[in-house]
Amino acid sequence: MTAQILDGLQTAKTIRAELAEEVVQLKEKYGVTPSLSVVLVGEDPASVTYVSMKKKACLQVGMESTIHELPADSTQEQVKAVLTKLNEDPKIHGILVQHPVPKHLDENDILAHVDVNKDVDGISVYSLGKLLLGEANFVACTPLGMIVLLDRYGIPIQGKRAVVVGRSIILGKPAALLLLERHATVTICHSRTVDLADVCREADILVAAVGKAEMIKGDWIKPGAVVLDAGYNRVPGRDKDVGDVEFEAAAERASYITPVPGGVGPMTIAMLLRNTVEAAKKAEGILQ
Ligand code: NDP
């Protein structure tokens, strides 16, 4: 392997330690404890796990976190009523509605009900609109984590040719907008892109956000490229989850690459914590 590993696990650990120190300062100097409320509708097992991981991560850095569990058959108005209360509570700085909500609910309408100053997940229509305007309040945590990882490793973005494979609202599109804001020349690919391999071969920075195990082959990687793999795929018969990129072969050509697990994934929760600390500082008028 020639590529250097972009160690998301270690970077996230460093960021969490920095945040824990900042939280101590906020408590001591200003009497402010950043607080995240997570709204969980239904009992999807993966969502239940994610929500408890998020709460644990908050508590580990000294923040507060509450989980609001609503039954799977909740109505749109019942979910919004909970959000109204959280929006109005000055002690709550960040609100996250765990994705996905049950199918009978209108998720975009629910997210739009989160106060934009508390939308630490950054995926409401207002937050995405602000990102498009280049005035983002809070940016979706997984794409933000990728950019922060590049920054922490001192990898330049400006002027680079970036290719993002995937165009979801939570990942591909915001990742592309962030790279554009940092002056990369960005191409977004999707399931109907023609000659995907050739487009990927042009990438100095390649973002994989597809959700298909090892779909991006090693020989699609431009020599020296930086590869960010957000994919997280379980493959029957294999004891380890894999990314969207064929890791071993890609690492022979790339200059930097994120492993799966331990790359993009751990950065996501670190960014959620960071956004919540930022929300608390903004709400309390603290400039630090
Ligand atoms: P979505 O299913 O919402 O989006 C997948 C995207 O991939 C779509 O835009 C789709 O194109 C595109 N796509 C599908 N097949 C192909 C193909 N053959 N060629 C090119 N593009 C294709 O997934 P998400 O964005 O939510 O997640 C993507 C991956 O990232 C998943 O593995 C998920 O588990 C992981 N993930 C990881 C997170 C983390 O914290 N590390 C957080 C969130 C997600 P089209 O639009 O045309 O359908």
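In each ligand, atom 1 is the first atom listed, and ligand 1 is the first ligand listed.
Nearest-heavy-atom check against atom 48 (O) of ligand 1 across Cys200, Ser191, Gly243 picks out Ser191. The heavy atom nearest to atom 27 (O) of ligand 1, out of those in Val164, Val260, Leu171, is found in Leu171. Ranked by closest heavy atom to atom 17 (C) of ligand 1, the top entry among Arg167, Met215, Met267 is Met215.
In terms of protein heavy-atom proximity, atom 21 (N) of ligand 1 is closest to His190 C, 3.1 Å. Taking atom 25 (O) of ligand 1 as the reference point, the nearest protein heavy-atom neighbour is Ser168 OG, 2.5 Å. The protein heavy-atom contact nearest to atom 7 (O) of ligand 1 is Val210 CA, 3.5 Å.
Side-chain atoms of Thr49 come within 3.5 Å of backbone atoms of Pro45 as a donor-acceptor pair (strictly under, hydrogens ignored).
For Arg192, no nitrogen or oxygen atom sits less than 3.5 Å from a nitrogen or oxygen atom of ligand 1, counting backbone and side chain alike.
With ligand atoms numbered from 1 in the order given, ligand 1 contributes 6 (C), 7 (O), 9 (O) to contacts under 4.0 Å with heavy atoms of Gly166. Listed by number with element, the atoms of ligand 1 under 4.0 Å from a non-hydrogen atom of Thr268 are 39 (C), 40 (O).
Contacts of Leu196 with ligand 1, taken as heavy-atom pairs under 4.0 Å, involve the side chain alone.
A 4.5 Å side-chain heavy-atom check between Asp151 and Ile157 finds at least one atom pair inside the cut-off.
No side-chain donor-acceptor contact under 3.5 Å links Asp106 and Gln76.
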